[in-house]
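Here the structure comes first, spelled out in structure tokens, and everything after it is commentary.
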Amino acid sequence: PTTHSHIHIIGATVAQVVERVDIYHLLFSCLFLVQPTTKLFIDGKFVDSNTTEWIDIPNPATNEVIGRVPKATQEEMLAAVDSCSRAFSSWSETSILSRQQVFLRYQQLIKDNIKELARLITLEQGKTLADAEGDVFRGLQVVEHACSITSLMLGETLPSITKDMDTHTYRLPIGVCAGIAPFNFPAMIPLWMFPIGMVCGNTYLMKPSERVPGCTMLLAKLLQDAGAPDGTLNIIHGQHAAVNFICDHPAIRAISFVGSNQAGEYIYERGSKNGKRVQSNMGAKNHGVVMPDANKENTLNQLVGAAFGAAGQRCMALSTAIFVGESREWLPELVERSKSLRVNAGDQPGADVGPLISPEAKARVVSLIQSGEEEGARLLLDGRKVHVKGFENGNFVGPTILSNVTPNMTCYKEEIFGPVLVVLEAESLDEAISLINANPYGNGTAIFTNNGATARKFTHDVDVGQIGVNVPIPVPLPMFSFTGSRGSFRGDTNFYGKQGIQFYTQIKTVTTQWKAEDATLTSPAVTMPTMGR
Ligand SMILES: *[C@@H]1O[C@H](CO)[C@@H](O)[C@H](O)[C@H]1NC(C)=O
Ligand SMILES: *[C@@H]1O[C@H](CO)[C@@H](O)[C@H](O)[C@H]1NC(C)=O
Ligand SMILES: *[C@@H]1O[C@H](CO)[C@@H](O)[C@H](O)[C@H]1NC(C)=O
């Protein structure tokens, strides 16, 4: 690779490279980053694939190809899973304190490299640099939580089940685990997966999204630097063949998936049929209910940020607003605030809304906006014709608001996954709750109100896994779990928190009997022991 391509891929200017010697270190110590060709990570080595099939990685802001990623061959995928299997026996026997130390070092390395990780995310995924740092930060919190493994993996004990008999449980790792990640959170979602799996003593096979592999590769390099032994984490790339491989390989015991419903249902079914544990987080349609007694200023700002941040490509984006009663009079002001957001390439100063991931994603969002218009919604703000100077070929859509939407419209039924806010109206809180409960998804929802009784009624009556009260994107911190429900989740054990530990461990229950009369006596026994009780 030429010097030019080094700098191109790392997303830094020449001045930044010259200024910061540590970037040179990065360039020379992790060769996979300086080549537009993404490597595989097998048995502790970053290796070139022998495949003949490649997928281009375009920059979403320009659609220039900035790299390519291999579809790993069958032999390479087998080598990766075999490496995980070999590493499992020693890693699972490594003391829990040593595993904790690896992740204590890892969290520091992620902090030290947060800018580099964010730069890779913006380059491949398109989101703004500030959003990309947030992406890393939310994943980092899961790694920090993983450092509490010494408390999290405690078993249970119950003494004196019957005379001289005690029962206790151990939590133990389950074997080789695998993660399949989506394109929208290149750092956070992989970090929900392998750190929790590995700190429990499992080894891990990761398949990042083929659109955004760079960040996961750097995360792997940092984990190796933190002291994770060879083979404890392996990375393969690809599409359907790689997914099927993971669902079918007998050594893989558990699969974590985040992404679309179609893929999630498929992986859940195929993996479960093969006897694996599967947790599948899928599509969402998150509703925000606006009550007339809410703090208007705060509510409108929160709505704008949650609907259009990350260009709406968040599973937890607040994509649907229900204005109750006279709060509908706030709509013109909502439109004004949404107009003020700046649409631009993610690495440009002041950018609020970056591009969508691909031209196909843009075409889909545009057609859903059009369907709304045709089916009778009112287009209050149209982002389809947005012009971004200098980035005319990017996949940009500006903030868009459709009002007067009804539940039978396509734009309501489909997850749009773009910067489009769909607005419904309701006469009462009860009507708003019925709307939400009739929707098949159950990822998240929020209510904006200053009335505690209204908030309490809402949180009790609404059938959704994650609820915010005056909090628009209620993604729980890692001491809790990510509790999407209904059509948003398949499986029975959620991501991270206590449930994450449960997912990646199995329980061994030991019942012991040590008869009191068999205890070694301090002086020689002179009487015969009595038998029985
Ligand atoms: C690619 O093929 C060469 C020659 O057969 C082999 O030595 C190498 O290990 C292969 N690489 C991978 C990643 O499997
Ligand atoms: C939705 O339902 C309303 C009333 O029930 C009806 O007037 C309208 O035509 C329907 N729209 C679509 C797109 O089916
Ligand atoms: C929920 O959120 C996750 C993670 O933020 C997202 O990837 C997924 O598409 C959404 N679906 C649900 C409701 O789990």
Side-chain angles (χ1 to χ4, degrees), residues 1-2 5-6 8-10 26-58 65-91 120 124 175-181 183 186 190 193-194 197-198 202-253 255-257 267 274:
T2 65
S5 75
H6 296 187
H8 191 45
I9 270 298
I10 200 74
L26 200 62
L27 293 175
F28 295 117
S29 66
C30 41
L31 285 170
F32 58 89
L33 275 176
V34 306
Q35 294 181 324
T37 296
T38 311
K39 297 198 175 190
L40 304 165
F41 185 49
I42 298 178
D43 211 30
K45 294 180 194 67
F46 292 95
V47 291
D48 282 310
S49 172
N50 288 330
T51 191
T52 52
E53 292 180 87
W54 297 86
I55 309 160
D56 283 341
I57 306 174
V65 173
I66 50 171
R68 59 178 192 159
V69 65
K71 292 190 191 176
T73 65
Q74 191 70 14
E75 296 69 48
E76 290 162 351
M77 295 193 288
L78 282 169
V81 79
D82 287 348
S83 167
C84 285
S85 296
R86 281 195 308 275
F88 177 70
S89 57
S90 56
W91 180 243
L120 284 169
E124 293 181 345
V176 180
C177 300
I180 302 172
F183 74 85
M193 296 175 172
F194 66 82
M198 287 174 66
N202 301 291
T203 54
Y204 217 95
L205 179 68
M206 194 66 215
K207 191 196 94 60
S209 163
E210 68 279 11
R211 292 168 186 275
V212 294
C215 178
T216 303
M217 297 308 283
L218 181 52
L219 285 171
K221 172 66 182 155
L222 297 176
L223 186 62
Q224 187 176 48
D225 291 349
D230 291 351
T232 52
L233 175 66
N234 284 271
I235 297 178
I236 59 172
H237 302 293
Q239 293 170 318
H240 303 100
V243 166
N244 286 340
F245 176 86
I246 287 172
C247 292
D248 294 346
H249 196 290
I252 295 171
R253 303 290 308 280
I255 304 173
S256 295
F257 169 81
I267 290 166
N274 287 325

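Both counts, for ligands and for their atoms, begin at 1 and track the order of listing. Residues take their numbers from the sequence shown, with the count starting at 1. Keep in mind it's a predicted model, so treat the numbers as computed, not measured.
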Check: every ligand 1 N/O to protein N/O pair under 3.5 Å:
{"from": "ligand 1", "atom 1": "2 (O)", "to": "N50", "atom 2": "ND2", "distance (Å)": "2.2"}
{"from": "ligand 1", "atom 1": "11 (N)", "to": "N50", "atom 2": "ND2", "distance (Å)": "2.9"}

Checklist entry - When rounded to the nearest 0.5 angstrom, what is the spacing between SG in C177 and CD1 in I246? => result 11.5 Å
Next on the checklist: Return the CG to OG1 distance between D43 and T232, rounded to the nearest 0.5 Å.
Outcome noted: 9.5 Å
Checklist entry - Looking at D82 and R86, does any basic side-chain N land under 4.0 Å from a carboxylate oxygen? => result no
Checklist outcome for this item: So the salt bridge (Lys or Arg N to Asp or Glu O under 4.0 Å) pairs with at least one residue in residues 203-220 (sequence neighbours excluded) are K207-E210
Next on the checklist: Nearest 0.5 angstrom please: N234 CG to F41 CZ, how far?
Outcome noted: 7.0 Å
Checklist entry - Is there a donor-acceptor contact under 3.5 Å linking the side chains of E76 and S49? => result yes
